[in-house]
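This report refers to the structure that appears directly beneath it.
Computed from a predicted structure; not experimentally measured.
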Amino acid sequence: MELSDANLQTLTEYLKKTLDPDPAIRRPAEKFLESVEGSQNYPLLLLTLLEKSQENVIKVCASVTFKNYIKRNWRIDEPNKICESDRIAIKANIVPLMLSSPEQIQKQLSDAISIIGREDFPQKWPDLLTEMVNRFQSGDFHVINGVLRTAHSLFKRYRHEFKSNELWTEIKLVLDAFALPLTNLFKATIELCSTHANDASALKVLFSSLILIAKLFYSLNFQDLPEFFEDNMETWMTNFHSLLTLDNKLLQTDDEEEAGLLELLKSQICDNAALYAQKYDEEFQPYLPRFVTAIWNLLVTTGQEVKYDLLVSNAIQFLASVCERPHYKHLFEDQNILTSICEKVIVPNMEFRAADEEAFEDNSEEYIRRDLEGSDIDTRRRAACDLVRGLCKFFEGPVTGIFSGYVNSMLQEYAKNPSVNWKHKDAAIYLVTSLASKAQTQKHGITQANELVNLTEFFVNHIQPDLKSATVNEFPVLKADGIKYIMIFRNQVPKEQLLVSIPLLINHLQAESIVVHTYAAHALERLFTMRGTNNATLITAAEMAPFVEVLLTNLFKALTLPGSSENEYIMKAIMRSFSLLQESIIPYIPSVITQLTQKLLAVSKNPSKPHFNHYMFESICLSIRITCKANPEAVGSFEEALFLVFTEILQNDVQEFIPYVFQVMSLLLEMHKNEIPSSYMALFPHLLQPVLWERTGNIPPLVRLLQAYLERGASTIASAAADKIPGLLGVFQKLIASKANDHQGFYLLNSIIEHMPPESVDQYRKQIFILLFQRLQNSKTTKFIKSFLVFINLYCVRYGALALQEIFDSIQPKMFGMVLEKIIIPEIQKVSGQVEKKICAVGITKILTECPPMMDTEYTKLWIPLLQALIGLFELPEDDTIPDEEHFIDIEDTPGYQTAFSQLAFAGKKEHDPVGQMVNNPRIHLAQSLHKLSTACPGRVLSMLSTSLNAEALQYLQGYLQAASVSLL
């Protein structure tokens with residue numbers, strides 16, 4: 001694409017259309033942009049637009065499109081969509097452009113720089129730091145904040161990267177260039193804050209800078225304490241301390257919800273102090289007491305408004321990190337201090353505030369996310385809970401004692417007047433939970449509990465009565481607390497109590513409150529996954545028998561409640577119920593599958609909840625598996641129910657659903673025993689269209705679907721669709737060229753070799769091998785070699801060893817010997833997987849015993865080394881070393897918004913063994929084949945073995961011969 005006005009105009013029009021709410025206008029525009037993103041100059045056109053367009057909306061749209069384009073394509077993969085000249089131009093222009101853009105666009109470009117930096121910095125972008133640091137001299141804080149924001153997005157990954165030499169080298173480089181200028185900027189900014197103490201607008205800009213500087217401090221100090229910061233600790237800590245105690249009226253906000261700059265800065269300083277207290281306690285010791293005092297004062301004087309939540313939770317987290325370090329134990333030993341912390345910090349921050357009640361009722365999705373999924377990191381309750389846990393490490397007895405008193409008085413308050421005082425009971429349940437839970441995992445709930453708290457007694461006396469009450473809609477917060485209690489302590493509460501709870505939970509699926517029915521669904525799902533003895537589920541299908549109908553009815557009804565039409569917890573509970581109940585659900589399948597297909601049709605119009613969609617397809621797969629296991633004929637009725645919706649999804653190109661549709665179709669097709677129904681054959685040509693294979697997420701399920709076609713109907717394809725075989729091989733050729741997908745190409749090729757009638761692929765065989773050799777020459781990776789070895793041995797098993805030798809030698813004389821010597825003998829040890837090893841063993845056995853040229857040509861010298869390699873494959877551990885220069889990118893790791901492939905667990909493919917019928921034990925098969933060969937040419941095999949095979953291998957071989965009850969002549 002030229003950098004011309006005409007192209008800028010075209011691009012502007014298409015960007016406008018991508019903002020249109022009407023899918024008929026929006027989708028084609030998105031398609032167009034997708035189709036041109038591989039063109040040269042495309043990213044430069046976007047940058048030109050965001051710099052020069054007259055319309056602000058186009059500038060913003062271009063900046064977002066550019067960032068997403070970089071996110072999808074900057075990492076070099078096949079095909080590389082960004083040419084080198086564009087890459088150079090982007091890196092040369094993006095920093096100045098970012099710094100001169102308004103803040104909204106600056107943020108997008110700053111993100112783009114950090115994505116590019118993740119790949120290219122420092123090796124391929126050495127001048128980035130210098131360019132950024134030089135801008136500190138400008139004195140213009142719009143520019144300085146742009147640099148700080150970019151540095152923050154670039155360096156924040158240091159907080160979660162694994163330690164490595166490469167990382168240390170990069171951090172050292174950054175520190176050398178950045179630490180001193182950052183410290184000088186920090187000091188200068190603080191001075192400017194004093195100078196402009198009465199100028200509100202100046203203070204806002206300066207405090208934005210201080211927040212970013214404090215965040216950068218955290219990132220640069222996270223991995224280890226850098227020498228520079230240790231030497232300058234006095235400067236940083238003294239200033240941090242004075243900022244913590246600062247209170248400037250001009251920076252206070254009237255907004256009760258939104259945290260102001262002062263709160264954000266103090267929150268970050270609490271984080272920085274906690275980092276030093278946890279990781280560098282020795283060096284930080286001189287500063288610690290004054291930070292503890294300042295943060296304690298902050299906690300005692302800060303109000304309950306939402307805007308202080310982050311500050312309060314970070315301040316409490318600081319205390320939590322200090323109190324569990326043996327160094328600082330003495331600060332908390334006094335009973336009065338413990339009582340004071342409990343009374344002034346923990347209990348007030350566990351209260352259920354009006355803002356929490358509002359979130360519970362009006363923003364339930366966010367409430368659930370924070371409360372259930374642990375993204376409540378920055379809530380007061382979570383921080384208070386962590387502080388209780390921290391204090392219990394050294395002071396479990398006294399702390400439990402202090403809180404037991406609180407819990408009892410709260411419950412007494414509740415009992416006096418439940419409808420008014422229900423919040424007291426909520427706080428009591430929360431306190432008990434935080435006291436009792438020492439260690440917790442998402443998968444298993446509480447794994448370690450405080451022995452001093454009787455959980456079952458509390459459950460029977462205080463939790464069950466709420467759940468047994470006649471009305472499911474009364475006191476929704478307490479109902480949610482009770483359900484959550486069951487969920488968290490499911491391993492501590494005895495099984496009989498869990499069984500009593502199950503009908504209560506099923507009943508609460510009907511509650512109007514979104515939080516309550518979501519928690520009920522989630523609790524059921526968690527209970528159904530618990531394991532008892534022998535790894536069987538703790539709760540059995542037999543124990544659930546009385547509740548099957550009401551469980552399924554209420555789960556599907558819950559999806560019709562307002563606000564829960566795409567509730568992922570309910571759909572996950574449906575999936576888990578099917579999985580647990582198995583054939584008990586068969587009588588309900590007709591109504592269930594109707595409801596699932598209606599839901600599928602509805603959400604396919606605008607898929608927005610990836611987890612919900614995933615569990616929905618899992619539930620469909622389970623319905624198919626369970627029903628067809630009992631009655632294979634039922635597959636037809638599933639196809640009838642699903643194919644209309646599937647056709648619509650494919651025709652409308654619903655990208656998020658297509659990989660799932662292919663997996664479900666594979667499952668259905670694999671259920672057919674003999675031939676492929678015509679409805680599938682009609683679809684076959686469409687599956688070979690190149691556009692489908694452009695999206696990485698489609699590749700694994702499409703390959704599997706084509707494999708199902710080949711397994712069930714190779715002869716139909718050969719007779720009725722022979723003209724499609726080149727298309728099938730074209731797909732193989734495309735996949736084999738990609739390092740990320742070459743194994744998928746081999747899956748397809750192996751199915752073609754195994755199932756297609758030999759005459760239908762005769763004319764293509766030589767070309768297939770030539771393609772594989774070209775790839776071997778261009779890019780030989782361990783993964784490719786492993787797949788290649790399995791393929792040539794499968795070919796040998798299918799067509800015979802002589803056919804393999806002949807095809808190699810027809811490409812180039814003596815090539816068969818080269819492949820044996822350079823690939824099979826040295827690399828066979830790398831093959832992994834039972835079936836793969838078996839294929840290779842049977843293939844090599846055929847080469848050794850059914851290939852005359854191995855016995856009487858120059859190939860004979862390779863006979864013993866090949867046998868030795870085969871015995872090694874049987875007896876030596878797998879060679880899983882990978883050369884240093886090979887660095888695989890998993891498909892799931894490629895950045896971008898393309899739907900990555902999500903494997904459906906319940907659509908899983910059975911492992912298929914192509915040599916299963918012929919050979920049970922490959923060692924015995926080798927012995928029998930050698931016996932047969934020695935009968936055909938007596939004396940030859942024995943003399944070769946006795947002169948050349950090493951003693952250990954010979955000993956193993958004698959063991960195989962004995963086990964097979966044969967001997968060599």
Side-chain angles (χ1 to χ4, degrees), residues 244-245 266 270 273-274 277 288-306 308-325 328-357 376 378-417 420-438 450 452-453 458 462 481:
L244 263 185
T245 50
K266 289 182 178 183
C270 290
L288 183 90
R290 65 180 104 153
F291 273 93
V292 171
T293 312
I295 287 172
W296 173 259
N297 288 334
L298 250 184
L299 281 170
V300 188
T301 54
T302 303
Q304 284 281 348
E305 290 83 354
V306 175
Y308 300 123
D309 283 7
L310 181 66
L311 173 58
V312 169
S313 74
N314 281 2
I316 297 177
Q317 290 290 3
F318 167 77
L319 287 183
S321 64
V322 172
C323 74
E324 56 184 23
R325 312 288 295 176
Y328 310 133
K329 188 178 161 188
H330 63 278
L331 295 171
F332 300 90
E333 271 170 338
D334 185 333
Q335 178 81 12
N336 293 330
I337 289 180
L338 283 176
T339 309
S340 182
I341 291 176
C342 296
E343 195 175 301
K344 292 186 173 149
V345 175
I346 292 170
V347 172
N349 285 302
M350 280 200 176
E351 282 171 12
F352 196 76
R353 298 168 303 166
D356 300 317
E357 200 172 346
D376 60 347
D378 53 354
T379 62
R380 294 173 181 241
R381 280 192 142 186
R382 170 67 178 264
C385 198
D386 288 346
L387 181 53
V388 173
R389 260 182 228 168
L391 289 169
C392 283
K393 189 169 176 182
F394 293 120
F395 314 107
E396 189 167 53
V399 169
T400 307
I402 295 168
F403 279 139
S404 301
Y406 277 110
V407 169
N408 289 332
S409 70
M410 287 169 176
L411 290 171
Q412 281 161 9
E413 282 301 308
Y414 166 74
K416 285 180 197 164
N417 188 346
V420 175
N421 297 341
W422 60 267
K423 285 185 184 175
H424 289 285
K425 181 167 185 178
D426 167 78
I429 296 173
Y430 210 88
L431 254 178
V432 169
T433 306
S434 59
L435 260 184
S437 45
K438 280 186 177 174
N450 179 340
L452 306 171
V453 181
F458 189 83
H462 300 290
D481 289 341

Next item on the list: Look up atom CZ in Arg290 and atom CG in Leu244, then write down how far apart they are to the nearest 0.5 Å.
Entry: 11.5 Å

Next item on the list: Take Val432 and His462 through the test side-chain contact (heavy atoms from CB on, under 4.5 Å) and record every step on the way to the result.
Entry: CA-CA 11 Å; Val432 169; His462 300 290; over 6 Å; no

Check: Is the side chain of Gln304 donor-acceptor paired with the backbone N or O of Pro348 at a distance under 3.5 Å, no angle test?
Finding: yes

Next item on the list: Search all heavy atoms of Thr433 against all heavy atoms of Ile429 and return the closest pair with its distance.
Entry: OG1-O, 2.7 Å

Checklist line | Val345 vs Ile316 side-chain heavy atoms within contact, under 4.5 Å | finding: yes

Check: Considering all heavy atoms of both residues, which atom of Ala427 and which atom of Met350 are nearest to each other, and what is their separation?
Finding: CB-O, 4.4 Å

Next item on the list: Specify the closest pair of heavy atoms between Leu435 and Cys392, including all atoms of both residues, with the distance to one decimal.
Entry: CD2-SG, 4.1 Å

Notebook entry, point to check: Roughly how far, to the nearest 0.5 Å, is CZ of Phe352 from NZ of Lys425?
Noted result: 15.0 Å

Notebook entry, point to check: Which heavy atom of Leu319 sits nearest a heavy atom of Phe332, and at what distance?
Noted result: O-CZ, 4.4 Å

Check: What do the steps show when you test Leu411 against Phe458 for side-chain contact (heavy atoms from CB on, under 4.5 Å), and what is the final call?
Finding: CA-CA 11 Å; Leu411 290 171; Phe458 189 83; 4.0 Å; yes

Item checked: Donor-acceptor contact below 3.5 Å, side chain Asn349 vs main chain Arg380 -> no

Next item on the list: Would you give the length of the straight line joining atom NZ of Lys344 to atom OG1 of Thr339, rounded to the nearest 0.5 angstrom?
Entry: 10.5 Å

Item checked: Spacing of CZ belonging to Phe395 relative to CD belonging to Gln335, to within rounding of 0.5 Å -> 10.5 Å

Notebook entry, point to check: Taking all atoms of both residues into account, what is the closest heavy-atom pair of Tyr328 and Ala277, and its distance?
Noted result: OH-O, 3.6 Å

Next item on the list: For residues Ala273 and Phe291, report the shortest heavy-atom separation together with the two atoms involved.
Entry: CB-CD2, 3.9 Å

Notebook entry, point to check: Lys266 side chain to Ala315 main-chain N or O, any donor-acceptor pair under 3.5 Å?
Noted result: no

Next item on the list: Run through Asp309, Asp426, Asp481 and flag the one making a salt bridge (Lys or Arg N to Asp or Glu O under 4.0 Å) with Arg381.
Entry: Asp426

Next item on the list: Can you measure from CG (Leu387) to OG (Ser313) and round to the nearest 0.5 angstrom?
Entry: 12.0 Å

Margin query: What verdict does the side-chain contact (heavy atoms from CB on, under 4.5 Å) test give for Val388 and Ile346, after you've listed the backbone C-alpha separation in whole Å, the side-chain angles of each residue and the deciding distance to 0.1 Å?
Written below: CA-CA 8 Å; Val388 173; Ile346 292 170; 3.7 Å; yes

Next item on the list: Please answer whether the main-chain N or O of Asn336 pairs with a side-chain N or O of Ser340 as donor and acceptor at a distance below 3.5 Å.
Entry: no

Item checked: Check against side-chain contact (heavy atoms from CB on, under 4.5 Å), Val322 and Ile295 -> CA-CA 12 Å; Val322 172; Ile295 287 172; over 6 Å; no

Check: With the threshold set at 4.0 Å, does a side-chain nitrogen-carboxylate oxygen contact exist between Arg353 and Asp356?
Finding: yes

Checklist line | Spacing of Thr293 atom OG1 and Leu298 atom CG [to the nearest 0.5 Å] | finding: 11.5 Å

